[in-house]
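Working notes, beginning with the structure itself.
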Amino acid sequence: MTVNLSAMDLLLATRNQHKTREFVQLLGPNFTLRDLTNERDLPEILETGRTFEENAVIKATAISKIFPHEMVIADDSGLEVGALEGAPGIFSARYAGENASDRRNVEKLLRELQGAPERSARFGCIIALAKDGELIATVAGEVGGTIAESSRGKNGFGYDPIFVPKGFEETFAELPSDTKNAISHRAKAVSELVRYFNTAHRSE
Ligand code: IMP
């Protein structure tokens, strides 16, 4: 049974405004989302996991210890390229070095793939849900596609200008955000999360 949804408060463990914007659009009006942008003096949380799942769990549980009784979600996501044996993967944000810009990461990836005929790739996303330091659930989403020969488009963030989702000719950065949000790895994971809330645990 689906219960009536009054807006539910969620704390998103990120300072990445692009991610927050996508989450707000994907979750819709039944959720009130706040991120860490205005939170000062937080300890650095080291993403020492070997998988998206481990890193999402590390972030969600660590942040939920700092904000008692709040429902915390953390997204760990990235791009896996077939010809690069899954790289950049969990290192997507820092592929061209610590604090590298999106542009530098994209340039490095295009260099690595120069002339490569096999350009398949996938975006993966794991969202971990935690409260008071305890992991409650994880959900996952992925989208397959290919890496373009050059950067195209201005929407989105990260590797969006070089990722062409399966079934399209445009990159994520050329497609309207509504289209990305209908098919993306994050969209699929968020839809699993909403399903989770709507079934078992919405009334807790
Ligand atoms: P995280 O914040 O540690 O999860 O790092 C995620 C990184 O993966 C981002 O900085 C991007 O480089 C990449 N990434 C994840 N999701 C997307 C997306 O939807 N579009 C483009 N790049 C993404």
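Each of Ile73 and Leu36 belongs to its own hydrophobic cluster when Ile, Leu, Val, Met, Phe, Trp and Tyr are linked at side-chain heavy-atom distances under 4.5 angstrom. Grouping the Ile, Leu, Val, Met, Phe, Trp and Tyr side chains by contacts below 4.5 angstrom, directly or via other members, places Val190 apart from Val143. Follow the hydrophobic side-chain contacts under 4.5 Å out from Val72 and you never reach Met8; the two are in separate clusters. Cluster annotation: Met71 and Val24 are assigned to the same hydrophobic cluster (Ile/Leu/Val/Met/Phe/Trp/Tyr, side-chain heavy-atom contacts under 4.5 Å, transitive). Following chains of ILVMFWY side-chain contacts shorter than 4.5 Å, one cannot reach Leu26 starting from Ile126, and the two form parts of different hydrophobic clusters.
In this structure, Asn105 CG and Leu79 CG are separated by 10.5 Å, a value rounded to the nearest 0.5 Å. For the atom pair CZ (Arg21) and CG (Leu33), the distance works out to 13.0 Å, reported to the nearest 0.5 Å. In this structure, CG on Asn55 lies 10.0 Å from CG on Leu46, to the nearest 0.5 angstrom. The distance from atom OG1 of Thr138 to atom CG of Asp76, rounded to the nearest 0.5 Å, is 12.0 Å. To the nearest 0.5 Å, the span separating CG on Asn181 from OG on Ser191 amounts to 12.0 Å. In this structure, CD in Glu142 is found 7.0 Å from NZ in Lys188, a value given to the nearest 0.5 Å.
Within a 6.0 Å radius of CD in Glu169, other residues, nucleotides and ligands contribute 12 heavy atoms or fewer.
Across all their heavy atoms, Leu110 and Ser151 have their closest contact at CD1-N, 4.0 Å. Pairing each heavy atom of Ala130 with each of Leu135, the nearest pair is CB-CA, 4.2 Å. Of all heavy-atom pairs between Ala7 and Pro29, the closest is CB-O, 4.2 Å. Heavy atoms only, all atoms of each residue included: Thr14 and Asp35 are closest at O-CB, 3.4 Å. For the pair Ala74 and Ala56, the tightest heavy-atom approach, listed with the atom from each and the gap, is CB-O, 3.6 Å. Considering every non-hydrogen atom in both Ala189 and Cys125, the closest pair reads CB-SG, 3.9 Å.
Between Asp9 and Arg34, none of the side-chain N atoms (NZ, or NE/NH1/NH2) sits under 4.0 Å from a carboxylate O, so this pair counts as no salt bridge. Using a cut-off of 4.0 Å between Lys/Arg side-chain N and Asp/Glu carboxylate O, Glu107 and Arg103 are scored as salt-bridged. Between Lys131 and Glu70 there is no salt bridge, since no side-chain N of the basic residue sits under 4.0 Å from a carboxylate O of the acidic one. Lys65 and Asp132 are not joined by a salt bridge, as no carboxylate oxygen comes within less than 4.0 angstrom of a charged side-chain nitrogen.
Using cut-offs of 30° and 60° for the angle between ring planes, the Phe163 and Phe123 rings count as tilted. Between His18 and Phe157, the angle of the ring planes stays under 30°, which puts this pair in the parallel group of the 30/60° scheme.
Proximity of a side-chain donor or acceptor of Lys19 to a complementary backbone N or O of Asp75 within less than 3.5 Å is detected. Under the 3.5 Å distance criterion, the side-chain polar atoms of Lys154 are left unmatched by any main-chain donor or acceptor of Glu174. The main-chain N or O of Leu129 is never found under 3.5 Å from a side-chain atom of Tyr196 such that the two would form a donor-acceptor pair. Not one N or O on the side chain of Lys166 forms a donor-acceptor pair closer than 3.5 Å with the backbone of Gly144. Side chain of Ser92 to main chain of Gly78: no donor-acceptor pair is present (N/O by atom type, distance under 3.5 Å, no hydrogens or angles). Remark: the backbone N or O of Glu39 is paired with a side-chain donor or acceptor of Arg15 at under 3.5 angstrom. The main-chain N or O of Ile162 is never found under 3.5 Å from a side-chain atom of Thr171 such that the two would form a donor-acceptor pair. Side-chain atoms of Arg119 come within 3.5 Å of backbone atoms of Ile147 as a donor-acceptor pair (strictly under, hydrogens ignored). Within the 3.5 Å criterion, the main-chain N or O of Leu175 finds no donor-acceptor partner in the side chain of Thr179. Asp102 places a side-chain N or O within 3.5 Å of a backbone atom of Gly158 that can act as its donor or acceptor partner.
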Problem - Stepwise side chain to side chain contact (heavy atoms under 4.5 Å, CB included) check, Glu112 with Tyr95 - result: CA-CA 11 Å; Glu112 297 287 335; Tyr95 189 42; 3.4 Å; yes
Exercise for the section: Just do the side chain to side chain contact (heavy atoms under 4.5 Å, CB included) check on Lys180 and Asp160 with the steps written out, would you? Expected result: CA-CA 9 Å; Lys180 178 181 177 189; Asp160 281 346; 2.9 Å; yes
Exercise for the section: Kindly determine whether Phe172 and Tyr159 satisfy ring-ring contact (aromatic ring centres under 6.0 Å, His included), including the steps that lead there. Expected result: CA-CA 8 Å; Phe172 262 163; Tyr159 299 91; over 10 Å; no
Problem - Val194 and Leu27: CA distance, side-chain angles, deciding distance, side chain to side chain contact (heavy atoms under 4.5 Å, CB included) verdict - result: CA-CA 8 Å; Val194 171; Leu27 284 164; 4.0 Å; yes
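Using modelled atom types, one finds no donor on one side chain facing an acceptor on the other under 3.5 Å when comparing Thr20 with Glu22.
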